[in-house]
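Notes follow the structure.
Letters A, B, ... mirror the listed sequences (proteins, then strands); counts begin at 1.
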Number of protein chains: 2
Amino acid sequence: MRQNRDVTDEVLELLKQSNLRLTAPRLAVLEVVEHEGKHQDAEFIEQAARQKLGSLSRQAVYDNLNAMVAAGILRRIEPAGRPALYETRVGDNHHHLICRQCHKTVDINCAAGVKPCLQPNDDHDFVIDEAEVVYWGLCPDCQTEN
Amino acid sequence: MRQNRDVTDEVLELLKQSNLRLTAPRLAVLEVVEHEGKHQDAEFIEQAARQKLGSLSRQAVYDNLNAMVAAGILRRIEPAGRPALYETRVGDNHHHLICRQCHKTVDINCAAGVKPCLQPNDDHDFVIDEAEVVYWGLCPDCQTEN
DNA sequence: CGCACTATCTTGACTTTGTCCAGATAGTGC
DNA sequence: GCACTATCTGGACAAAGTCAAGATAGTGCG
């Protein structure tokens with residue numbers, strides 16, 4: 001089965017490079033993350049991908065999400081106290097802005113663009129490879145609701 | 001019972017202001033977070049506080065940690081994929097640097113010092129109150145172990 | 001095309017981290 | 001010393017995700 005009409009050649013290439021096979025569950029998960037709106041959690045992805053396929057195990061969803069994060073095809077963000085979210089925009093090291101109330105999540109462009117975009121004054125002799133930034137606040141809708 | 005010899009008057013004042021009573025479990029939890037080393041998780045705090053008191057329920061630990069975080073006496077950080085950590089240094093909006101391998105966590109002074117220390121180019125009309133930064137890397141020990 | 005190799009999927013139990021609930025206990029202000 | 005209610009206890013429960021073992025199915029190669 002190759003319903004890869006919705007998956008770019010670039011991504012197919014990435015999958016191949018990581019020895020990741022083109023399975024129906026994998027492509028379904030990928031399409032959900034790419035097209036069903038950004039920053040979805042595993043629960044949503046599971047439901048949507050299962051609907052596409054008819055049936056799909058939870059484990060296949062987690063396996064695929066983990067495999068594709070490891071391969072650099074997806075990016076995972078883990079906001080404090082919330083389930084992990086997945087997105088396809090990788091490689092530009094952008095950041096995230098999350099509403100404290102409704103948890104709406106939007107991308108924030110990173111001025112530097114490359115990791116680590118920030119350098120601490122004192123690195124404690126660590127080798128730092130990433131500066132992860134989460135902005136917290138209230139979205140326009142939640143501001144007026146108070 | 002008032003074994004508050006190890007708790008500063010300043011903290012006692014903060015507790016009082018938040019209607020937080022001076023209970024043995026509360027003081028034990030506070031002392032652990034203040035003195036047993038920074039950036040400990042709930043599990044460690046529970047063990048250490050229970051040892052101080054003889055017995056202590058898990059729920060009391062979580063209740064106290066949550067209450068004191070809400071009161072601004074403790075700060076909670078939640079590194080991706082890890083249990084929450086607690087620390088007493090509040091009010092200076094410092095950041096954290098975490099080893100990807102052993103999870104050693106150290107404070108990173110924030111240049112600005114006040115929240116939000118970073119402002120995105122485009123705030124999407126959110127009201128942003130905090131920029132949370134986590135630096136990820138390898139600590140000196142874990143660099144050499146490879 | 002057909003085979004073998006092994007990545008992936010399925011099912012279902014399990015783990016970790018933490019919350020909810022109800023009743024008993026104990027600080028605190030007056 | 002009392003009342004008021006914050007807090008503690010014990011135990012069930014919940015969310016998010018992992019582990020394990022066997023069945024299934026992509027893929028490269030001949």
Side-chain angles (χ1 to χ4, degrees), chain A residues 1-4 7 11-30 39-47 49-50 52-71 73-74 76-86 103, chain B residues 1-4 7 11-30 39-47 49-50 52-71 73-74 76-86 103:
Chain A
M1 171 173 189
R2 301 268 177 116
Q3 69 169 98
N4 44 16
V7 174
V11 166
L12 292 181
E13 187 53 34
L14 283 169
L15 288 167
K16 191 176 294 186
Q17 284 175 7
S18 301
N19 267 29
L20 295 180
R21 294 176 179 171
L22 267 51
T23 67
R26 175 120 62 219
L27 294 173
V29 165
L30 198 44
H39 309 125
Q40 298 296 350
D41 61 19
E43 164 73 13
F44 175 91
I45 294 166
E46 179 180 346
Q47 301 297 339
R50 179 171 300 132
K52 278 176 180 278
L53 297 179
S55 80
L56 175 63
S57 72
R58 176 192 321 183
Q59 193 56 46
V61 174
Y62 278 104
D63 282 352
N64 277 311
L65 290 172
N66 288 336
M68 290 191 285
V69 166
I73 294 165
L74 298 182
R76 168 169 39 218
I77 61 176
E78 297 179 60
R82 312 275 325 156
L85 305 178
Y86 296 85
H103 309 113
Chain B
M1 172 174 188
R2 304 266 177 114
Q3 71 168 99
N4 44 17
V7 175
V11 166
L12 291 180
E13 187 54 34
L14 283 171
L15 287 167
K16 192 175 294 186
Q17 284 175 7
S18 301
N19 268 30
L20 295 180
R21 295 176 178 170
L22 298 181
T23 67
R26 176 119 62 220
L27 294 173
V29 166
L30 199 43
H39 309 126
Q40 298 296 350
D41 60 20
E43 164 73 14
F44 175 91
I45 295 165
E46 179 180 346
Q47 301 296 339
R50 180 171 298 131
K52 278 175 179 278
L53 298 178
S55 79
L56 175 63
S57 71
R58 175 193 323 183
Q59 193 55 46
V61 174
Y62 278 104
D63 282 353
N64 278 313
L65 290 172
N66 287 337
M68 291 191 284
V69 167
I73 294 165
L74 298 183
R76 168 170 38 221
I77 62 177
E78 297 179 59
R82 311 277 324 159
L85 305 178
Y86 297 85
H103 309 115

Base, sugar-phosphate alone, or nothing: which one does B:Asp41 contact when heavy atoms must sit under 4.0 Å apart? nothing
Taking the side chain as everything from C-beta on, heavy atoms only, tell me whether A:Met68 gets closer than 4.5 Å to A:Leu15. yes
If the cut-off is 4.0 Å, is A:Thr23 near the phosphate of C:dC9, judged by side-chain N/O to OP1 or OP2? yes
Nearest heavy-atom approach of A:Gly81 to B:Glu78 is N-OE1, 2.8 Å
Atom CG in A:Asp41, atom CZ in A:Arg82: separation rounded to 0.5 Å? 8.0 Å
What integer distance in Å separates A:Met68:CE from C:dC9:C1'? 14 Å
In short, A:Leu20 meets A:Ile73 closest at the heavy-atom pair CD1-CD1, 4.3 Å
Note, A:His39 side chain near A:Ile77 side chain (heavy atom, < 4.5 Å): yes
Looking at B:Asn66, I'd like to know whether one of its side-chain N or O atoms comes within less than 4.0 Å of OP1 or OP2 on C:dT19. yes
Do any N or O atoms from the side chain of A:Gln40 and from the backbone of A:Ile45 form a donor-acceptor pair under 3.5 angstrom? no
Could you state the atom-to-atom distance from CG of A:Leu65 to P of D:dA16 in whole Å? 14 Å
Do any of residues 78-86 of chain B sit with a heavy atom less than 4.0 Å from DNA chain D, and if so which? none
Stems involving DNA chain C, each a run of at least 3 consecutive Watson-Crick or G-U pairs under 3.5 Å: C:1-30 with D:1-30
For D:dA6, does either OP1 or OP2 sit under 4.0 Å from a side-chain N or O belonging to B:Asn64? no
Atom-pair distance (OH on B:Tyr62; P on C:dT17), nearest Å: 8 Å
Starting at atom NZ of B:Lys16, determine the distance to atom P of C:dT28, rounded to an integer number of angstrom. 8 Å
Protein-nucleotide distance (A:Glu46, atom CD; D:dA16, atom P), rounded to Å: 12 Å
Can you give each donor-acceptor pair under 3.5 Å made by side-chain atoms of residues 53-67 of chain B, sequence neighbours left out, with the distance rounded to 0.1 Å?
residue, atom, partner, partner atom, Å
B:Ser57, OG, B:Ala60, N, 3.1
B:Gln59, NE2, B:Asp63, OD1, 2.9
B:Asn64, OD1, B:Arg26, NH1, 2.6
B:Asn64, ND2, B:Ala60, O, 2.9
B:Asn66, OD1, B:Arg76, NH1, 2.9
B:Asn66, ND2, B:Tyr62, O, 3.3

Detail all sub-3.5 Å separations between protein N/O atoms and N/O atoms belonging to nucleotides 9-11 of chain D.
residue, atom, partner, partner atom, Å
D:dT9, OP2, B:Ser57, N, 2.9
D:dT9, OP2, B:Ser57, OG, 2.7

My understanding is that only residues two or more places apart in sequence, or in another chain, count here; which of them pass side-chain hydrogen bond (donor to acceptor under 3.5 Å, both in side chains) with B:Glu46? B:Arg50
Separation of C:dT17 C1' from B:Phe44 CZ (nearest whole Å): 18 Å
Whole angstrom value for the distance that separates C1' of D:dC8 from CG of B:Leu20: 14 Å
A:Leu22/A:Lys16 under side-chain contact (heavy atoms from CB on, under 4.5 Å): CA gap, chis, key distance, verdict: CA-CA 8 Å; A:Leu22 267 51; A:Lys16 191 176 294 186; over 6 Å; no
What pairs with A:Gln47 under side-chain hydrogen bond (donor to acceptor under 3.5 Å, both in side chains), at least two apart in sequence or on another chain? A:Glu43
Using whole Å, what does the distance between atom C1' of nucleotide D:dT27 and atom CG of A:Leu22 come to? 10 Å
